[in-house]
Amino acid sequence: MIDLKLLRDDPDRVRASQLARGDDPALVDALLAADGARRAAVTAGDQLRGAQKEASSSVRGASPEERPAVLERAKALAAQVKEAEASQAAAEVALRAAHLAIPNVVLPGVPPGGEADFEVLEQVGQIPSYEFAVKDHLEVGERLKAIDTERGAKVSGSRFAFLTGPGALLELALVNHAMAVAQRHGLVPVIAPALVRPEAMEGTGFLGAHASEVYKLEADDLYLVGTSEVPLAAFHSDEILDALPVRYAGFSSCFRREAGSHGKDTRGIIRVHQFDKVEMFAFVPLEEAEAEHARLLELEKAFLTDLELTFRVIDTAAGDLGSSAARKFDCEAWLPSQERWLELTSTSNCTDFQARRLGIRHRTTEGVRPVATLNGTLCAIGRTIAVLLEVHQREDGSVHVPAALRPYLGGVAELTPA
RNA sequence: GGAGGGCUCGCCUAGUGGCCGAUGGCGGCGGUCUUGAAAACCGCUACAGGUUCACCCCUGUCGUGGGUUCGAAUCCCACGCCCUCCGCCA
């Protein structure tokens, strides 16, 4: 939810943000109108309630003669209060609906436009070249007996895979390395629930435009999370935090319906319904959000560098931001088999948008204020394995293991087909 | 799945129709005292909304929603959540 004070003070900024995202600026005016209507309803209700309160407390002191008249007056006011409360409730509902319709206000500097309008900030490493015909990650993985998509499909359907042998060990190594890095930088390791209540899902903004991406367990009114951002954000919901910053690194399985991506990335494990991920999450004062965002990006870059991958960093365009994000940086690694960049990590500055919905605040000298929330991928494991297998493959089918991962793999320097 | 118990201000707790936004303790903050600290004593100590430059003031909030009533933390109904015991179970 955006800050209504900002909207009142500077509606043009919100309109400009809507335009940059390619969303309807008229929604901003609808929200302004709903806000005004609610305020009028609240004021009217407060006055009536005050009068009614006075009337009912005068009932006790009334003499027997005047009692019937006083009671009559109090009753009449009670009826009016009831009406006023009904219209106040209606105004609140209308305001909330209008409020939820507006995504976060983008930060200055975010490129306007859609998915293709990102800005490349930097490239780390050289695009690798190979003196043999590169295989894609599935072929490499199958020869290593690390990935089994056929049995994944047999057991669970399309877009499911088994990680076996070296594949499974690689996952554990990546998790361990990610958690070690996280701890070294002061993030608290967390194993998060993958099933959450509707409030958590809604509060993080995943039930809006992307609701069809989400698995829901109807019988239990629970959702399967698509990222541990959801449980990590909701971890402190309805709390007033004493000391900031608070930083976590959460591990969980992630579930995505991939409803709108038929025919896209169908091969291998680049786009599957279930994968595991280590996600960073930070709660900081609003003024420190941008600095924290830079910090999360640095951690992501360092992690990819540890894995000896080539990647570029992009500043995502406004229209490609999630509804909660005010700015988003993606790290995209080079995928040799397709000779293209593939998103491996993503870090979003959600400013106070999620915190407002989730009721996460902290005390400042000016009072209790919503915090800023930020998230960032430390390691999306399945996709990272896919890229590692491709980038570090050799002609003989073996795969070079980056030095950073060796301690977690019994010291081996390469994976070889059995 | 079966049977009970409970949800009040950061934590614990008092409170069975108007004098309750709500008692007391702990914790926290400020002050007195002290070279400093502790102890003791005094004071302050929820959030949201409306109005306001600000103070004041007004309104709402005792798990949530509804009902009864002139008036509800207190009575009624529904729901949610937490806990305990039994059963089952990684």
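The sequence lines fix the lettering, A, B, ..., with proteins before strands; numbering per chain opens at 1.
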Any strand counts, and the cut-off is 3.5 Å on both contacts for Watson-Crick or G-U wobble. Which nucleotide pairs with [N]?
N	answer
B/A40	B/U32
B/A22	none
B/C81	B/G6
B/G1	B/C86
B/C47	B/G60

### Task
Could you go through the ring-ring contact (aromatic ring centres under 6.0 Å, His included) check for A/Tyr215 and A/Tyr223 one step at a time?
CA-CA 6 Å; A/Tyr215 284 105; A/Tyr223 292 89; over 10 Å; no
### Message
Would the base of B/G60 count as contacting A/Asp46 through its side chain, where contact means a donor and an acceptor less than 3.5 Å apart?
### Response
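Under the 3.5 Å cut-off, the side chain and the base do not form any donor-acceptor pair.
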At 4.0 Å (heavy atoms only), tell me whether [X] reaches a base, stays on the sugar-phosphate, or touches nothing.
X	value
A/Val368	sugar-phosphate
A/Gln52	sugar-phosphate
A/Arg73	nothing
A/Ala78	sugar-phosphate

Determine the Euclidean distance between corresponding [atom1] atoms of [M] and [N]; express it in Å to zero decimal places.
N	M	atom1	result
B/G65	B/G27	C1'	34 Å
B/G1	B/G17	P	38 Å
B/C12	B/G63	P	14 Å
B/G25	B/C33	C1'	25 Å
B/U68	B/U13	P	34 Å
B/U23	B/C9	C1'	12 Å
B/G2	B/G87	P	16 Å
B/G5	B/C62	P	24 Å

### Task
Evaluate salt bridge (Lys or Arg N to Asp or Glu O under 4.0 Å) for A/Asp320 paired with A/Arg21, printing each intermediate quantity in order.
CA-CA 7 Å; A/Asp320 201 25; A/Arg21 283 176 174 270; over 6 Å; no
### Query
Do A/Gln393 and A/His137 meet the criterion of a side-chain donor-acceptor pair at a distance under 3.5 Å?
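No donor-acceptor contact under 3.5 Å links the two side chains.
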### Query
Side chains of A/Gln338 and A/Glu390: is there a donor and an acceptor less than 3.5 Å apart?
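No - no donor-acceptor pair under 3.5 Å links their side chains.
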Spacing of [X] atom [atom1] relative to [N] atom [atom2], expressed in whole Å:
X	N	atom1	atom2	result
A/Asp238	B/A46	CG	P	19 Å
A/Glu72	B/U69	CD	C1'	14 Å
A/Arg39	B/G49	CZ	P	11 Å
A/Glu92	B/G65	CD	P	12 Å
A/Asp35	B/G50	CG	C1'	12 Å
A/Lys75	B/G71	NZ	C1'	12 Å
A/Leu195	B/A90	CG	P	19 Å
A/Leu71	B/U69	CG	C1'	10 Å

### Task
Could you say whether A/Gln47 or A/Ala74 is positioned toward the 5' end of RNA chain B, judged by the nucleotide with the nearest heavy atom to each?
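So the residue in question is A/Gln47.
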### Message
Go nucleotide by nucleotide along RNA chain B from the 5' end; which of A/Arg369 and A/Glu85 gets its closest nucleotide reached first?
### Response
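Looking at RNA chain B, the more 5' nearest nucleotide goes with A/Arg369.
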Is the phosphate of [N] approached by [X] (side-chain N or O, under 4.0 Å from OP1 or OP2)?
X	N	answer
A/Arg38	B/G49	no
A/Arg197	B/G80	no
A/Arg49	B/G50	no
A/Lys53	B/C70	no

### Mutual orientation of the aromatic rings belonging to A/Phe160 and A/His273 [parallel < 30°, tilted 30-60°, perpendicular > 60°]
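Rings of A/Phe160 and A/His273: tilted, 30 to 60°.
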### Message
When you compare the side chain of A/Arg327 with that of A/Cys350, does any pair of heavy atoms fall below 4.5 Å?
### Response
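Heavy-atom side-chain distance check fails, nothing below 4.5 Å.
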### A/Arg361, nearest nucleotide to its side chain (from B/C47, B/C70, B/G50)
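Comparing B/C47, B/C70, B/G50 against the side chain of A/Arg361, the answer is B/C47.
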### Message
If you compare all heavy atoms of A/Ile147 against all heavy atoms of A/Glu142, which two are closest, and at what distance to 0.1 Å?
### Response
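The pair with the smallest heavy-atom distance is O-CG, 3.7 Å.
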